[in-house]
Every structure is written in structure tokens, then in C-alpha cells.
Amino acid sequence: MEISAPRGTKDILPDSSSHWQYVERIAREVCRDYGYQEIRTPVFEHTELFLRGIGETTDIVQKEMYTFTDKGGRSITLRPENTAGTVRAYLEHKLYGESQPAKMYYIGPMFRYDKPQAGRFRQFHQFGIEAIGSTGPIVDAEIIMAAVEFFTRLGLKDLNLFINSVGCPRCRPVYRSKIQDALRGSLGEFCEDCRSRFDRNPMRILDCKNEKCQQLSKNAPQLSECLCDECRDHFTGLQTVLTAAGVDYKLNPRLVRGLDYYTKTAFEIQYPPLGAQSAVCGGGRYDGLIEEIGGSPTPAIGYAIGLERVLLALEKQELLPTPDRGIAIFVAAFDDKTRVLAFKLATELRRAGLACEMDYLGRGLKAQLKQANRYPARFVAIIGEEEAAQNKVALKNMLTGEQQLVDAGQLIQKIRAEMED
RNA sequence: GUGGCUGUGGUGAAGUGGUUAACACGCCGGAUUGUGGCUCCGGUAUUCGAGGGUUCGAUCCCCUCCAGUCACCCCA
């Protein structure tokens, strides 16, 4: 093997593509029921969009982007997520002129230059939803419900839904300085990462997995105590709606999203058996993003679901449907001459909507029967010299082993009739 | 980007410093004249991730690289 797929990428081979189709079908069905329509945006965008949209200080932008200069000298980046692209399209095509909120979903590949690991790839696929143009907590609850519904329909159990509010540009700075005040004294005892986070994004310290850091930050003020009235009302409103809808959720005050644009609602759905990469869904409100990208202030909320991780979870719980490779009929030929007749017959059968296969390797009759059995094929139509001479085929029922001579012209009806039984 | 583990045929895997690299599955073919699923028989790795080095000799020892995997970081 000379050339292999690039690091962190995966081929989706024929034996697993049906799994993808299945998951994507469920996603589309949920979206239809919740009133979200598909949007397809380019897989690459101007780098500038992500710099502004995601935030220059984020890990994604600082070290994970696939950025290159195209032949026209433009800086282009393979999309690491699709909220920025969706918002860009929303503005570019003036979708704010249509009925609001704009409810959209997407399914497609994203690219991040990460080190691959369980549930983490350089090219991965997300199913995401964006609702642009509404402030209310009802929309927040709705998109969370859509995610829950998606997992429910797939049959996934043992998922944890965590929600939090990360505040807004009014209350977050207040909280930020409060937390810095609280931790400043013991800063030297924190891990290296946390010390660097102290100035840049002190809220992330609360999210540190390091046990010592967790201990040290245990008594730090919680963001929920510092929310402004508007954010607090929004957050309690969301909880009221979720509770009314019967959703099982947990508050997680340490839940902080990695992207700069999030405001108020942040949430995450985890499937713990996946190990370190247990987040299957992450999202939140991004009321500041649209203005950041050049639109007028517009509230919005969205999330993304990692499909590789969903597939992993489904595999773990044995919830993936086994693909049906069965075909109606296999047409077996005896020699080169009858092979032509077999091809002609196969074409007719296929035209009639019957899944049909034949031999392409010039195999002997015995090997063809073997092959037919592997699919498995319900019937085998054998065309030998004798049959060809009388314009008939030998129709063999592979379940019972019975075989009968049938007029070539009658074959389709005959098969249909037998399949009824 | 950092660290641990791993790297033998299509797959799962034995193995040893020195003639022909087990075995199982799969695949291909065969078991008298044109017929499957069971059984039996045969075939199927000039080669042990790549490149160097040590050695009379390396798949087995050393180094580098690459890849996979898991974890940190971060995230879907």
C-alpha cells in the first residue's frame, strides 16, 4: 500500500455507508417535524469569516484550521464548523427579509487539524441546526428538544443533557473580574494551562479537568450568581419550558463553550461510554455573532452533533440496522453465448424494478450458484444451452431448492407471483 | 503540540537471531458428464509498516520516520 488516506480521515466503505444513510435519514426526519430546512454552504470559506466568527483566541482558530492560499492569492480555510458559514449565507442572501426565525439545518464534513483519537478526526461530520432571529427561551428549548428527539429516535439511552448560561457582554465582564479576584491569591498553585487561562479566559479554569485545579476553584463564584436580570430571566425561562416539556436536564455551572460567540444558553449532550470524547452534541446561543460578521444585531442559537460519535455510540449499544444485501434474483449463464442472454435478461428484470445480479468473471455454474447464495438471492434464473434453445430459463427457488422451466417472457410475472407467497 | 501502547497475508492472529514464516476465517478452484447453502481436498505473505544501523546473518536487537490506538489539551 503506497498511498493511504490522510491522517485523521476515514473512508466510509460500502458496508457502513448504510449506517450513515440511516442516521442522516433520522436527522432529516426530525428536522422536517421541527420545521427546519436544509442549507448547504461551501466547505471552504474566506479565512476572515472564521477569524471574526469563531474568535482569534480560540483553539480552533489558533491551531486547528486548515488554511491555505488559493491561486488567486486569497486566504481560504476549510470550515472547522458551520455556524459561521450559515450565518454568512443568512446575511449574504438577506434571509432576514423572510419570515423569522430562520430555521435551518446542515449535514456535512468539517475539518480541524487535531491529533486524531477516539471519536476525534481531522475530517468529521456534523449535523447541526441554527435558528436565527429569535431571543426567546422557547427557541432555545425547541432546538434542544430537536436534539433530544434525534437521539431518542435512534434509540440512544443514557445520555446526559447539561445546560448553563454563560451570560452576555453586560454581565460576563463583571463575573470575569470577580472570578479573577477570587483566584488571584492561589494562582501559583494552578496548573500551567490554568495560569495562562487566567488572563485570557478565566471562566475556562472552572472547566479544567485537573483535580487540583478543581479543588482550588471549588469555592469560586458561580456565573449563575452574577447574571444580569435579562440573562437570569432567560435562563430560568428556559428551565421552565424544558421542565414543562418533560426534558431531563442537569445544570452544569462549569459548562463553558470554547467558542467566543456564545451568549446566555450553553448546552451539551454527553454519552459517557465514549470515553474522553463523550460530547455528542454541543451548542448554545450566539446573540453577538451576526453583528460581529457584519449584520445588524440579531439573536440566534444553534448546535452541532458529531456524527462519528453518534455512530460510535450506536455501535456500542448495537443499535445499527444490519444492511440488507439480499437481491430478488441472480441470473446464471453457462457460457459466453448465454452470458449475453443473461445480461439481456438481467436488464429487463432491473427495468422492472427487481434487484438483480449476475456473474462478471466468467465463473462456472457451480461458482455462480455459490455467489448467488452469498447475497443472498431469492431466485436464480439459469440460462444454459438447452434453455436458450427453447427461449426458456430454469427458475430456481433458493429457499426450497425447487426448479422449474419458465418461458423467458413469463419470468417477471412468475417471480412476482412466487414472492407473494 | 505532548505522552503511553502497537504495527506479521483480505481479516483475526502464532512465531524465532540462521534452511520452506503456524493456525483460523475469508477469497479462488476442485470432489466424472450444467446447480448453492453441509463436508472434504487444493491454492492463496520472494515477506513480517518504511528507511537506516549492529551482526557472518535479522521479521525478531538499536535508532529515525510513518501510521494506528489511547490519554492530555480542546472539542462534535
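Just so it is clear, the structure is predicted and the values come from calculations on it, not from any experiment. Just so it is clear, the values below take in all heavy atoms, side chains as well, and ignore hydrogens, waters and symmetry mates. Residue numbering restarts at 1 for every chain, and letters A, B, ... go by the order of the sequence lines.
- Out of B/rA76, B/rA67, B/rC72, the shortest distance to the side chain of A/Phe121 is found at B/rA76.
- Closest approach to the A/Ala118 side chain among B/rC75, B/rU35, B/rA71 is made by B/rA71 (side chain taken as heavy atoms from C-beta onward).
- Rounded to an integer number of Å, the gap from A/Arg79 CZ to B/rC75 C1' is 17 Å.
- Residue A/Lys370 has its side chain nearest to B/rG37 when only B/rC73, B/rG37, B/rG34 are considered.
- In this structure, A/Gly401 reaches the bases: a heavy-atom distance under 4.0 Å links it to at least one base atom across the strands shown.
- The cationic group of A/Arg40 does not satisfy the cation-pi geometry with A/Tyr106, failing either the under 6.0 Å distance to the six-membered ring centre or the 45° limit from the ring axis.
- The pair A/Lys103-A/Glu142 meets the salt-bridge criterion, with a side-chain N (NZ, NE, NH1 or NH2) lying under 4.0 Å from an Asp/Glu carboxylate O.
- Dashed line: the shortest gap from a side-chain N or O of A/Gln117 to OP1 or OP2 of B/rU69 is not under 4.0 Å.
- Look at the P atom in both B/rA45 and B/rC72: the space between them is 43 Å, to the nearest Å.
- Across all strands, A/Gln277 comes closer than 4.0 Å to base atoms (heavy-atom distances).
- Nucleotides B/rA58 and B/rG49 have their P atoms positioned 15 Å apart, rounded to a whole Å.
- Rounded to a whole angstrom, the distance from the P atom of B/rG37 to that of B/rA31 is 13 Å.
- Proximity note for A/Ala279 (side chain, C-beta onward) versus B/rC70, B/rC75, B/rU69: the nearest is B/rC75.
- Here B/rG36 presents its C1' atom at 5 Å from CG of A/Leu369, a figure rounded to the nearest Å.
- Distance noted for atom C1' between B/rG15 and B/rC48: 11 Å (whole Å).
- Across B/rG3, B/rG34, B/rU35, the shortest atom-to-atom separation from the side chain of A/Glu387 is found for B/rG34.
- Per the geometry, CG belonging to A/Leu365 stands 5 Å off C1' belonging to B/rG34, to the nearest Å.
- Contact check on A/Asp335 versus A/Lys337 returns no salt bridge, with no Lys/Arg side-chain nitrogen under 4.0 Å from an Asp/Glu carboxylate oxygen.
- Using a 4.0 Å heavy-atom cutoff across all strands shown, A/Gly119 reaches at least one base atom of the nucleic acid.
- Separating the CG atom of A/Asn373 from the P atom of B/rC28 is a distance of 13 Å, rounded to the nearest angstrom.
- One C1' atom belongs to B/rG43, the other to B/rG10, and the distance between them is 15 Å to the nearest Å.
- Comparing atom distances between the A/Lys366 side chain and each of B/rA76, B/rC72, B/rA31 picks out B/rA31 as nearest.
- Ion pairing between A/Glu348 and A/Lys344 holds under the 4.0 Å rule for side-chain N and carboxylate O.
- In this structure, A/Tyr105 has its ring center no closer than 6.0 Å to that of A/Tyr34.
- A distance of about 13 Å separates the P atoms of B/rC5 and B/rU64, rounded to the whole Å.
- With B/rU2, B/rU35, B/rC75 as the candidates, the nucleotide lying closest to the side chain of A/Arg112 is B/rC75.
- Between the side chains of A/Gln404 and A/Glu402, no donor N or O sits under 3.5 Å from an acceptor N or O.
- In this structure, CD1 on A/Ile415 lies 5.0 Å from CG on A/Leu349, to the nearest 0.5 angstrom.
- With respect to A/Arg153 and A/Asp33, a salt bridge is recorded, a charged nitrogen being found less than 4.0 Å from a carboxylate O.
- Not one side-chain nitrogen or oxygen of A/Arg120 sits closer than 4.0 Å to the OP1 or OP2 atom of B/rA76.
- Between B/rU35, B/rA76, B/rG34, one nucleotide has an atom nearer to the side chain of A/Gln403 than all others, and that is B/rU35.
- A/Arg88 pairs with exactly one of A/Glu292, A/Glu48, A/Glu130, A/Glu45 by the salt bridge (charged side-chain N to carboxylate O under 4.0 Å, His left out) rule, that one being A/Glu45.
- Taking atom P in both B/rC40 and B/rC25, the straight-line distance is 9 Å, to the nearest Å.
- For A/Thr47 against A/Ser75, the heavy-atom pair with the smallest separation is OG1-OG, 2.7 Å.
- Backbone-only engagement by A/Glu64 is indicated by non-hydrogen atom pairs under 4.0 Å involving sugar-phosphate atoms exclusively.
- In RNA chain B, runs of at least 3 consecutive Watson-Crick or G-U pairs, each pair with both distances below 3.5 Å, span B:1-7 with B:66-72, B:10-12 with B:23-25, B:26-31 with B:39-44, B:49-53 with B:61-65.
- The side chain of A/Lys396 contributes no N or O atom lying less than 4.0 Å from OP1 or OP2 of B/rG37.
- The nearest whole Å value for the distance from the CD atom in A/Gln371 to the P atom in B/rU35 is 17 Å.
- B/rU16 and B/rU69 are spaced 28 Å apart, taking the P atom of each and rounding to whole Å.
- Counting only heavy atoms from C-beta on, A/Ala276 has its side chain closest to B/rA71 among B/rA71, B/rA76, B/rG29.
- Looking at heavy-atom distances under 4.0 Å, A/Ala367 makes contact with sugar-phosphate atoms alone, never a base.
- With B/rC28, B/rA76, B/rU2 as the choices, the nucleotide that has an atom nearest any side-chain atom of A/Arg374 turns out to be B/rC28.
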